[in-house]
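Chain letters run A, B, ... following the sequence lines, proteins first and then strands; every chain starts at 1. Note that these values count all heavy atoms, side chains included, but never hydrogens, waters or copies made by symmetry.
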Amino acid sequence: MLQVQFLRDNRNEIIERLKIKNFNESLVINQVISLDDKRKSIQSESDELLARSNTIAKEIGILFKSDKREEANCLKEESLRIKEKTKALQSSLLEIQNELRELLVKIPNVPHHLVPSGKSDADNVIVKEHGKIPELSEYKKPHWDLCSQYNLIDFELGNKITGAGFPVYTNKGAKLQRALISYFLDKNTEAGYIEYQPPHLVNEDSGFGTGQLPDKEGQMYHIKEDNLYLIPTAEVPVTNFFRNVILNKEDFPIKCTAFTPCFRREAGSYGKDVRGLNRLHQFDKVEIVQIQHPDKSYETLNVMVDHVSSILEELELPYRILRLCGGDLSFTSALTYDFEVYSAGQDRWLEVSSVSNFESYQSNRLKLRFKNLNGKTQLCHTLNGSALALPRIFAALVENNQTESGIKIPKALQEYTRFNIID
RNA sequence: GGAGAGAUGGCAGAGUGGUCGAAUGCGGUGGUCUUGAAAACCAUUGUACAGCAAUGUACCGGGGGUUCGAAUCCCUCUCUCUCCGCCA
């Protein structure tokens, strides 16, 4: 959510830049500003009336004590008249505030200057490519075949007990998964992130705080009886740790990492992309979250990108980094870098991480602030990224390292798996 | 699931209808004293909105009501805690 003051101060620039995100409703922005004008005038009118009725109430108290009944009754009447007026003003104020919020929630975050224009993922810009695409034999297999050949994942069993998109890991597959989680968490804590194990269910306020609610309601699993949502990413609980918090400037940067399963309904996803581990309803992910001073958030974004790169390099996976174009950028993000690894069994790039700077867009919803040098409260910047999403890493590792004698485990992982080949 | 208790400022904890945005203690910040520190003492210390400012308004878990006036009374919701039962 953008701040109204920010919209006022930068109206034309914001309208221009939002076009990059294919948001062309400049009307909404004008509406917000004029509604806010209305809000201000009604509020000051109502404040004046309330001030009068407060003084009246005090006077009545004094009059009663000195037994001046008649004068008191006179004031009572005036107070009742004021009360009627303020009641009407308050209710229209509430209406305006709701309307204002509804409009504000519709305006996406303003894209950063680096964001290229474009309509779809085809327009994303490759900013870096690293590693050699492995040359496999003509008998190479996709991971779903390898997983059943080596007994790593039982997709059918998942279908039986839950449904499609809920794989069951087994044997060395389960061990590899566990190894990856530990490895990622260790990498992140070595880089200074504090490890958390958050709840996997969150309340409505948390869903709103990070921007999943109200628009992406249908993408989360919802438990009606308790009005709780299964988290679609650890970003939701972890970032919401800091909802309604005022930090001191020396608290920066706040760095958190958490492993959680992620639950996504993926309503409306069909087609061949969903085969095997490519798209799941439940998957594991290790997330990194940072809260930063606004002046340092872009510097931090780069550091996070480098951190994710270093993990992929250690895993010896060929990857590329994309700067998302306006059309592919998420509603809440100002700048996002996607990481894709090459999965040689399927011969395609798989997204394994998405590192974003939300600037103050989430903070404004979360009411996450800090005291600046003038002692004023100011919104923080929030950032997050995957480090890393498990299933596609799993898929790429299995596919890229397949040999006739088995699947080789990269060196960096061996101390975690305690085996160096799956055969 | 049954029974009960509670929700007040960063924390602890007073406050049962008018001068309560809220005592007191702790903590934080600034200062005095000191070679330095501690102690002691003094001052200061919530958030939001409007305003150049003075200041005004709102907020004592959320929502609603009674009243000229509510932290205080009433209704309702949520959450937390304790005991019993069940259970990883």
Legend entry - Identified pairing partner of B:U72, criterion: Watson-Crick or G-U wobble below 3.5 Å: none
Inset, instruction - From the options B:C49, B:U47, B:U57, select the nucleotide whose nearest atom is closest to the side chain of A:Arg39. - result: B:C49
Inset, instruction - Rounded to the nearest 0.5 Å, what's the gap from CG on A:Leu413 to CZ on A:Arg418? Could you check? - result: 13.5 Å
Legend entry - Nearest-0.5 Å distance that lies between atom CZ in A:Phe370 and atom CG in A:Leu379: 8.5 Å
Inset, instruction - Quick one: look up who B:U67 pairs with, Watson-Crick or G-U, both distances under 3.5 Å, and put none if it's unpaired. - result: none
Legend entry - Nearest-0.5 Å distance that lies between atom CD1 in A:Ile393 and atom CG in A:Leu176: 10.5 Å
Inset, instruction - Determine the interatomic distance between P on B:A58 and the same-named atom on B:A39; round to the nearest Å. - result: 41 Å
Legend entry - Closest to the A:Lys371 side chain, choosing from B:C49, B:U57, B:U47: B:U47
Legend entry - For the student: nearest non-hydrogen atoms of A:Thr336 and A:Ser354, plus distance: CG2-OG, 3.4 Å
Inset, instruction - Search all heavy atoms of A:Glu316 against all heavy atoms of A:Lys411 and return the closest pair with its distance. - result: OE2-N, 3.7 Å
Inset, instruction - Write down the distance between CD1 (A:Ile246) and C1' (B:G9), rounded to a whole number of angstrom. - result: 12 Å
Inset, instruction - Report the residue from A:Phe241, A:Phe242, A:Phe259 that forms a ring-ring contact (aromatic ring centres under 6.0 Å, His included) with A:Tyr196. - result: A:Phe241
Inset, instruction - May I have the distance from A:Leu35 (atom CG) to B:A50 (atom C1'), rounded to whole angstrom? - result: 17 Å
Inset, instruction - Give a yes/no on whether any side-chain N or O of A:Ser44 is located under 4.0 angstrom from OP1 or OP2 of B:G56. - result: no
Inset, instruction - Using whole Å, report how far CD of A:Glu59 lies from P of B:G18. - result: 18 Å
Inset, instruction - Measure from CG on A:Leu93 to P on B:U57 and round the result to the nearest Å. - result: 16 Å
Inset, instruction - Determine the sole option in A:Thr332, A:Leu366, A:Asn109, A:Asn364 for which the side chain to side chain contact (heavy atoms under 4.5 Å, CB included) test with A:Met1 is passed. - result: A:Asn364
Legend entry - Separation of A:Leu368 CG from A:Ile246 CD1 (nearest 0.5 Å): 9.5 Å
Legend entry - 5' priority, RNA chain B, between A:Asp47 and A:Thr377 [closest heavy atom]: A:Thr377
Inset, instruction - Considering only atom C1', compute the distance from B:G15 to B:C84 and round it to an integer number of Å. - result: 34 Å
Legend entry - Heavy-atom side-chain contact between A:Val202 and A:Leu228 under 4.5 Å: no
Inset, instruction - Grab the CD-C1' distance between A:Glu48 and B:C49 for me, whole Å please. - result: 14 Å
Legend entry - Test log, rule salt bridge (charged side-chain N to carboxylate O under 4.0 Å, His left out), inputs A:Asp328 and A:Arg323: CA-CA 10 Å; A:Asp328 208 22; A:Arg323 187 183 293 135; over 6 Å; no
Inset, instruction - Check every strand shown and say whether A:Ile82 touches a base, only sugar-phosphate, or nothing at a heavy-atom separation below 4.0 Å. - result: nothing
Inset, instruction - Provide, to the nearest angstrom, the distance between the NZ atom belonging to A:Lys40 and the C1' atom belonging to B:G51. - result: 10 Å
Restricting both atoms to N or O, compile the protein contacts to nucleotides 72-81 of chain B shorter than 3.5 Å, with distance only.
none

Inset, instruction - Give none if B:U24 has no partner; otherwise give the nucleotide forming a Watson-Crick or G-U wobble pair with it, both distances under 3.5 Å. - result: B:A12
Inset, instruction - Once you apply the 3.5 Å cut-off to both distances, tell me the Watson-Crick or G-U wobble partner of B:C86, or none. - result: none
Inset, instruction - Tell me whether the OP1 or OP2 atom of B:A58 has a side-chain N or O from A:Asn54 closer than 4.0 Å. - result: yes
Inset, instruction - Quick one: look up who B:A38 pairs with, Watson-Crick or G-U, both distances under 3.5 Å, and put none if it's unpaired. - result: none
Legend entry - Whole-Å P distance, B:G10 and B:A22: 15 Å
Inset, instruction - Could you grab the distance from atom NE2 of A:His112 to atom CZ of A:Arg17, nearest 0.5 Å is fine? - result: 7.5 Å
Legend entry - Protein-nucleotide distance (A:Leu247, atom CG; B:G46, atom P), rounded to Å: 18 Å
Legend entry - Pair partner, B:A48 [Watson-Crick or wobble, under 3.5 Å]: B:U57
Legend entry - Nearest-0.5 Å distance, CG of residue A:Leu2 to CG of residue A:Leu18: 7.0 Å
Legend entry - Pairwise C1' distance for B:G18 and B:A70, with rounding to whole Å: 10 Å
Legend entry - P atoms of B:C73 and B:G6, separation to the nearest Å: 12 Å
Output a table of nitrogen or oxygen pairs between the protein and nucleotides 60-68 of chain B separated by less than 3.5 Å.
unit_1 : atom_1 : unit_2  : atom_2 : d
B:C68  : O2'    : A:Ser79 : OG     : 2.5

Legend entry - Phosphate contact (B:G56 OP1 or OP2) by A:Arg52 side-chain N/O below 4.0 Å: no
Inset, instruction - Provide the distance between the two P atoms, one in B:A54 and one in B:U45, to the nearest whole Å. - result: 14 Å
Legend entry - C1' spacing across the pair B:U55 / B:G65, given as an integer number of angstrom: 32 Å
Inset, instruction - Return the nucleotide paired to B:U29: Watson-Crick means purine N1 to pyrimidine N3 with N6-O4 or O6-N4, wobble means G-U with N1-O2 and O6-N3, both under 3.5 Å. - result: B:A43
Legend entry - Pairing partner of B:A5 (Watson-Crick or G-U wobble, both distances under 3.5 Å): B:U80
Inset, instruction - Would you mind reading off the distance between A:Gln5 atom CD and B:C49 atom C1', rounded to a whole angstrom? - result: 12 Å
Legend entry - Distance between C1' atoms of B:U80 and B:G46 (Å, rounded): 23 Å
